[in-house]
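As structure tokens, the structure follows; a few thoughts come after it.
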Amino acid sequence: DGGITQSPKYLFRKEGQNVTLSCEQNLNHDAMYWYRQDPGQGLRLIYYSQIVNDFQKGDIAEGYSVSREKKESFPLTVTSAQKNPTAFYLCASSVGQRLLNTEAFFGQGTRLTVV
Amino acid sequence: AQKVTQAQTEISVVEKEDVTLDCVYETRDTTYYLFWYKQPPSGELVFLIRRNSFDEQNEISGRYSWNFQKSTSSFNFTITASQVVDSAVYFCALIRHTGTASKLTFGTGTRLQVTL
């Protein structure tokens, strides 16, 4: 079945450590996105990538980094510079470089907790 | 500026009641798309509907209906005869253009609780 897979579902990190969240899609989508969800704040865009080897900062990119070496994969690294990393992270993908004619498909999310 | 407002943070209804979730948006674009997504407890966002700015026809899909009114910049979502399985967080979203990219701007969501 086609879809987006995020792993792990739950992740615990000690303060000061970097951690990488995985996002893989087998939908042959060009565009991929990372969102952060906090209670009462909806979803906010961290990074997005319209094509392999290219990515752009979203609204809250500070303290995060990404790579897009393969079309299927868009991992997100939460660095120690991110001051408040505890949140629910959602990865999404869409068919083309513009979302106008298609909806975004979402993974099941990774809940990151800093301990 | 692009913005989506979902003023209702949480709504509780009894099963079989009708419920309307409000969505008000702001955009300077003349062409745009609006979306509704459902987020069940499992976490992933499930696409419900897409509506473009040139199509103001209301849409009905089973117990779900959507009312798009450009004059009031609203895209409200009604669930008729609600069921416990409708309990979820519902997000309204708007396409935002930035150069060659298009990004979804989400509202803060409305949590719907349907009880027996």
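Being a predicted model, the structure only gives us computed values, none of them experimental. Letters A, B, ... mirror the listed sequences (proteins, then strands); counts begin at 1.
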If you draw a 6.0 Å radius around [atom1] in [X], do more than 12 non-hydrogen atoms from other residues or ligands fall strictly inside?
{"X": "A/Lys9", "atom1": "NZ", "value": "yes"}
{"X": "A/Lys57", "atom1": "NZ", "value": "no"}
{"X": "A/Tyr10", "atom1": "OH", "value": "no"}

Under a 4.5 Å cut-off applied to non-hydrogen side-chain atoms, are A/Leu43 and B/Leu104 in contact?
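The answer is no, as the side chains (C-beta and beyond) never meet within the 4.5 Å cut-off.
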Side chain / backbone / both / neither for A/Gln56 at chain B, heavy atoms under 4.5 Å:
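The answer is neither part of A/Gln56.
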Co-membership, hydrophobic cluster, residues [X] and [Y], 4.5 Å side-chain:
{"X": "A/Val114", "Y": "A/Leu11", "value": "no"}
{"X": "A/Leu21", "Y": "B/Leu45", "value": "no"}
{"X": "A/Leu45", "Y": "B/Ile95", "value": "yes"}

Ignoring hydrogens, what is the shortest heavy-atom contact between B/Gln39 and A/Phe88? Give both atom names and the distance.
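Looking at all heavy atoms of both residues, the shortest contact is NE2-CE2, 3.6 Å.
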So which residues of residues 106-116 of chain B are in contact with chain A at a heavy-atom cut-off of under 4.5 Å?
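The list, in residue order, reads B/Phe106, B/Gly107, B/Thr108.
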Pairing residues for B/Tyr25 by the ring-ring contact (aromatic ring centres under 6.0 Å, His included) criterion, not counting sequence neighbours:
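B/Tyr25: ring-ring contact (aromatic ring centres under 6.0 Å, His included) contacts with B/Tyr32.
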